[in-house]
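In what follows, chains are A, B, ... by sequence order, proteins preceding strands, each numbered from 1. Heavy atoms only: backbone and side chains are in, while hydrogens, waters and symmetry mates are out.
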Number of protein chains: 2
Amino acid sequence: MSSMTIGKLSAATGVKVTTIRYYESIDLLEEPARSASGQRLYGDAAVERLGFIRHARDLGFPVAAIRELISLQVDPGRDCDLVDQIARRQLGEVRRRLTQLEALEAELKRMITACEGGKVANCSVLAALGHHEQCPRE
Amino acid sequence: MSSMTIGKLSAATGVKVTTIRYYESIDLLEEPARSASGQRLYGDAAVERLGFIRHARDLGFPVAAIRELISLQVDPGRDCDLVDQIARRQLGEVRRRLTQLEALEAELKRMITACEGGKVANCSVLAALGHHEQCPRE
DNA sequence: TCTTGCCTCTACAGTTGCTGTAGACTGTAG
DNA sequence: CTACAGTCTACAGCAACTGTAGAGGCAAGA
């Protein structure tokens, strides 16, 4: 199967058809060959490339970073310091978001356990949202 | 003190001027009074309301949920089951993102420790991104 | 062969939650 | 009086897609 339509590529990689065309439009994927009737035809290299992109996106790398990584891949003689840097930057970003989310989880949990039914008038969730400076435990 | 311009409100709540106007445009904030020359004038209630919105946004509540919460606040006689529901939904969402991020952190860490300098040609980060099927993920 | 029904094409609008810009007016301190 | 910061409206742009319309393509069944 050295040549497949966009639908097959989509099935092979788990990336939606529209998203594949979008990636092409932002030059993340290069323009594929076309059939006589104008349909896109992809080879195995496209599966590789798109799988790479998808994995990186799943890891939260922004498209700009992926573009950088691809350009590094194209030139394999260079040191991989830059690759390392990009990955570390991404790890930092992930950790930052983790810390933030953990705080949110704690506060939401506290808010919910404090809300034991009753009327909106004295709902602790709304109270907590209103008064950020303290935690109204009452 | 009971009347302030948009800049003061911004300073008082930490929400940017443009964002305040945006909230007004999507009917999250009601239209304020205006001075003779057309400048927005806010009272203390606006500080409260905007503080509430800001805190909820910080907690990751989508605007739609905040709109719901506000409409509940306006009608304090109702049961707070719905408030509770919204908060629980949000907690679920936060936990889902937490789990995902933890997996990402683990994989990035693994990728980075495996990368010990050298050339791009054998960089383990790029390899890890390329060979997605071998990555213990999700 | 015709028809059915999914696949693909292009082009463009919509999504979420803002941010930035242009060009004009207003309010205030020195 | 003159700077200069603040405010006004209206619209464009950002990320990273998703969805839509309307047209044409392709393989299999009746």
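- Side chain of B:Arg57 to backbone of B:Phe61: a donor-acceptor contact under 3.5 angstrom is found.
- Of all the heavy atoms in B:Leu98 and A:Glu102, the pair that sits closest is CD2-CG, 3.8 Å.
- For DNA chain D, the outermost nucleotides in 5' to 3' order that have an atom under 4.0 Å from a heavy atom of chain B are D:dT7 to D:dT9.
- Side chain of A:Gln90 to backbone of A:Gly60: a donor-acceptor contact under 3.5 angstrom is found.
- In this structure a side-chain-to-backbone donor-acceptor pair under 3.5 Å is missing from A:Ser3 to A:Leu41.
- Between A:Glu24 and A:Arg21 no salt bridge is recorded (no basic side-chain N to carboxylate O distance below 4.0 Å).
- Residues from residues 18-34 of chain B with heavy atoms under 4.0 angstrom of DNA chain C, sorted by number: B:Thr19, B:Tyr22, B:Tyr23.
- C:dG30 is paired with D:dC1 under the Watson-Crick or G-U wobble criterion, all donor-acceptor distances under 3.5 Å.
- Among the atoms of the strands shown, only primed sugar atoms or phosphate atoms (P, OP1, OP2) are found under 4.0 Å from some heavy atom of A:Thr5.
- Judged by distance alone, with hydrogens and angles left aside, the side-chain atoms of A:Arg88 form no donor-acceptor pair with the main-chain N or O of A:Gly92 at under 3.5 Å.
- Straight-line distance from the NZ atom of A:Lys8 to the P atom of C:dC7: 9 Å, rounded to whole Å.
- Projected onto DNA chain C by closest heavy-atom contact, A:Val17 and B:Ser37 fall at different nucleotides, the more 5' of which corresponds to A:Val17.
- Remark: B:Glu31 does not engage B:Arg40 in a salt bridge, criterion side-chain N to carboxylate O under 4.0 Å.
- For the pair A:Arg54 (side chain) and A:Thr13 (backbone), a donor-acceptor distance under 3.5 Å is present.
- Both B:Pro62 and B:Gln39 lie near DNA chain C, and the one whose nearest nucleotide falls closer to the 5' end is B:Pro62.
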